[in-house]
Amino acid sequence: MFPPNHKAYILALYKNVLVESSFFFDDRSRLYIQNRARKIAQEYKTCTDLERVKYKIKESRKYLHRIERANRGHEKSALKILEEVYGRNGKTRHALIHPFLHCHQPEDLKHPEPLVPHVPRTAPPPHLCPALKCLIEQDLGKKIEPELPVPAYKPLHPGRKANLLWKHRSMLLERIQLPLPFETVCELERKAGATLDHPMYAGTRMTGGPRWDSFYISYRDMIHLDPRITIKKPMKRKPFLLMESPFTTTVLSLVDSKKVVSPFSFSERQKKRLYRRLLTTIPFTSIISPLSLWDTKLSYKISKSHWVPQGVTLLLPDIPSDKVIEATLSQNTKKKVRRA
């Protein structure tokens, strides 16, 4: 049975999420948060499972506090929001990897047969497209097939072999990072400080990822990344203090009262720094066509954005000789002064 103030608390929580999202600096993140909040509110509007509703309230409060910390200048919380919005984890990441696994497959593609005939659970994982193989080998630095153990006295059981193959495949799909659509990559680089006429800009080099119209136009979970959509400026309302949850078990204190803190506005330098840190996790590929996605003759070169801060070692491709290193160190060492 729900408490009497349950409905009022849910409405206040939903309104607080929308108000806090309007203060976030990234326009696509604001749209993503609003769409997710609206979708979850509609799904659990008629839910009568008390434990499920309490769990969703807990998750919503956790996400609300993350947005509040980001709006008060906490860069780590802001980066976590950007990573979820741009497909480094969460729902957007599942939508990014879906066409690489289940779409644009040729009609003559054959799935591997079970290791034990007529036993489907012993079937090994299906084949991967060349683009995913290049991402796993070049960006992730892993092998496509694992090294299976060799028993000393008997052969490896087919069921165990299939389990090991599926475990390795699941690990790869959990760790791999997917390229964003080409239009989104260009937008992120412009937000990170790139100019349209720069020779290292992704739009000039034609690198980044697949086109939006050919891969992701029908995915509802990625509507916030649609380059054709026009995002309106938010109506910033005054933030308010959220009431206590009707399911709380703590005793309220009349001495320690919380205060509403005004949102913090990131500077342009801080925004560029956050976008550059986000670009470090996004692999770049050449333009991927859906017609040639499963062409085994093609190979893709994985790279990173040129607007990401690189190490100093990249500026010195030639390693100095030992004489140069010793001469440099001898010049920098302080001479000992003899005291009389």
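A donor-acceptor pair under 3.5 Å is formed between the side chain of His168 and the backbone N or O of Lys143. Thr122 places no side-chain N or O within 3.5 Å of a backbone atom of Pro158 that could act as its donor or acceptor partner. Within the 3.5 Å criterion, the main-chain N or O of Gly159 finds no donor-acceptor partner in the side chain of Arg121. For the pair Arg52 (side chain) and Cys47 (backbone), a donor-acceptor distance under 3.5 Å is absent. Side-chain atoms of Arg93 come within 3.5 Å of backbone N or O of Glu174 as a donor-acceptor pair. Tyr14 places no side-chain N or O within donor-acceptor distance of the main-chain N or O of Ala37, the cut-off being under 3.5 Å. The main-chain N or O of Met222 is never found under 3.5 Å from a side-chain atom of Asp226 such that the two would form a donor-acceptor pair.
Linking Ile, Leu, Val, Met, Phe, Trp and Tyr residues whenever their side-chain heavy atoms come within less than 4.5 Å leaves Phe23 and Leu18 in two separate clusters. Tracing side-chain contacts under 4.5 Å through hydrophobic residues (I, L, V, M, F, W, Y), one never reaches Leu188 starting from Phe182; they form parts of separate clusters. One hydrophobic cluster holds both Phe266 and Ile33 under the rule that ILVMFWY side chains link at heavy-atom gaps under 4.5 Å. With hydrophobic clusters built from ILVMFWY side chains whose heavy atoms lie under 4.5 angstrom apart, Leu225 shares a cluster with Ile217. The hydrophobic clustering, which links ILVMFWY residues whose side-chain heavy atoms are closer than 4.5 Å, places Met171 and Ile136 together.
Side chains of Leu132 and Leu178 form a contact here, defined as non-hydrogen atoms less than 4.5 Å apart. The closest side-chain heavy-atom distance from Leu31 to Ile223 is not below 4.5 Å. Side-chain contact between Ile57 and Val53: present, with at least one pair of heavy atoms (C-beta onward) separated by less than 4.5 Å. Looking only at side-chain heavy atoms (C-beta outward), Leu101 and Leu128 come within less than 4.5 Å of each other. With contacts defined as side-chain heavy-atom distances shorter than 4.5 Å, the pair Ser29/Val85 qualifies. Proximity of Arg160 to Pro149: side-chain heavy atoms (C-beta onward) are separated by under 4.5 Å at one or more points.
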Q: Begin from the C-alpha positions of His98 and Cys103 and carry the test side chain to side chain contact (heavy atoms under 4.5 Å, CB included) through to its verdict.
A: CA-CA 7 Å; His98 186 269; Cys103 300; 3.8 Å; yes
**Q.** Working for side chain to side chain contact (heavy atoms under 4.5 Å, CB included), residues Asn16 and Arg61
**A.** CA-CA 10 Å; Asn16 207 339; Arg61 287 177 62 93; over 6 Å; no
Q: Would you check, one step at a time, whether the test side chain to side chain contact (heavy atoms under 4.5 Å, CB included) holds for Tyr44 with Ile10?
A: CA-CA 11 Å; Tyr44 291 91; Ile10 295 297; over 6 Å; no
Q.
Test side chain to side chain contact (heavy atoms under 4.5 Å, CB included) on Arg36 and Val17; report intermediate values, then the result.
A. CA-CA 10 Å; Arg36 287 290 299 165; Val17 171; over 6 Å; no
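Lys56 and Glu43 are not joined by a salt bridge, as no carboxylate oxygen comes within less than 4.0 angstrom of a charged side-chain nitrogen. Between Lys271 and Glu268, at least one side-chain nitrogen of the basic residue sits less than 4.0 Å from a carboxylate oxygen of the acidic one, meeting the salt-bridge criterion.
Gln138 and Tyr300 are not linked by any side-chain donor-acceptor pair at a separation below 3.5 angstrom, with hydrogens and angles left out of the test. Checked by atom type, the side-chain pair Gln177/Asp139 shows no donor-acceptor distance below 3.5 Å. In this model, a donor atom of one side chain and an acceptor atom of the other lie less than 3.5 Å apart for Asn35 and Arg38.
Checking Leu279, Thr184, Thr92, Leu96 one by one against Tyr86, the side-chain contact (heavy atoms from CB on, under 4.5 Å) holds for a single residue, Thr184. Under the side-chain contact (heavy atoms from CB on, under 4.5 Å) rule, Pro179 has a single partner from Leu135, Ile302, Val185, which is Leu135.
Atom CD of Glu59 has more than 12 neighbouring heavy atoms from other residues, nucleotides or ligands inside a 6.0 Å radius.
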Only pairs under 3.5 Å count here: list side-chain donor-acceptor contacts from residues 191-208, not counting sequence neighbours, and write none if there are none.
unit_1: Lys191; atom_1: NZ; unit_2: Asp26; atom_2: OD1; d: 3.0
unit_1: Lys191; atom_1: NZ; unit_2: Asp27; atom_2: OD1; d: 3.1
unit_1: Lys191; atom_1: NZ; unit_2: Glu187; atom_2: OE2; d: 3.2
unit_1: Thr195; atom_1: OG1; unit_2: Asp197; atom_2: OD1; d: 3.2
unit_1: His198; atom_1: ND1; unit_2: Met200; atom_2: N; d: 3.1
unit_1: Tyr201; atom_1: OH; unit_2: Arg190; atom_2: NH1; d: 2.8
unit_1: Thr204; atom_1: OG1; unit_2: His198; atom_2: O; d: 3.1
unit_1: Arg205; atom_1: NH1; unit_2: Thr207; atom_2: OG1; d: 3.1
unit_1: Arg205; atom_1: NH2; unit_2: His306; atom_2: NE2; d: 3.4

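Between Phe215 and Phe100, the ring planes are tilted. Angles from 30° to 60° get that label.
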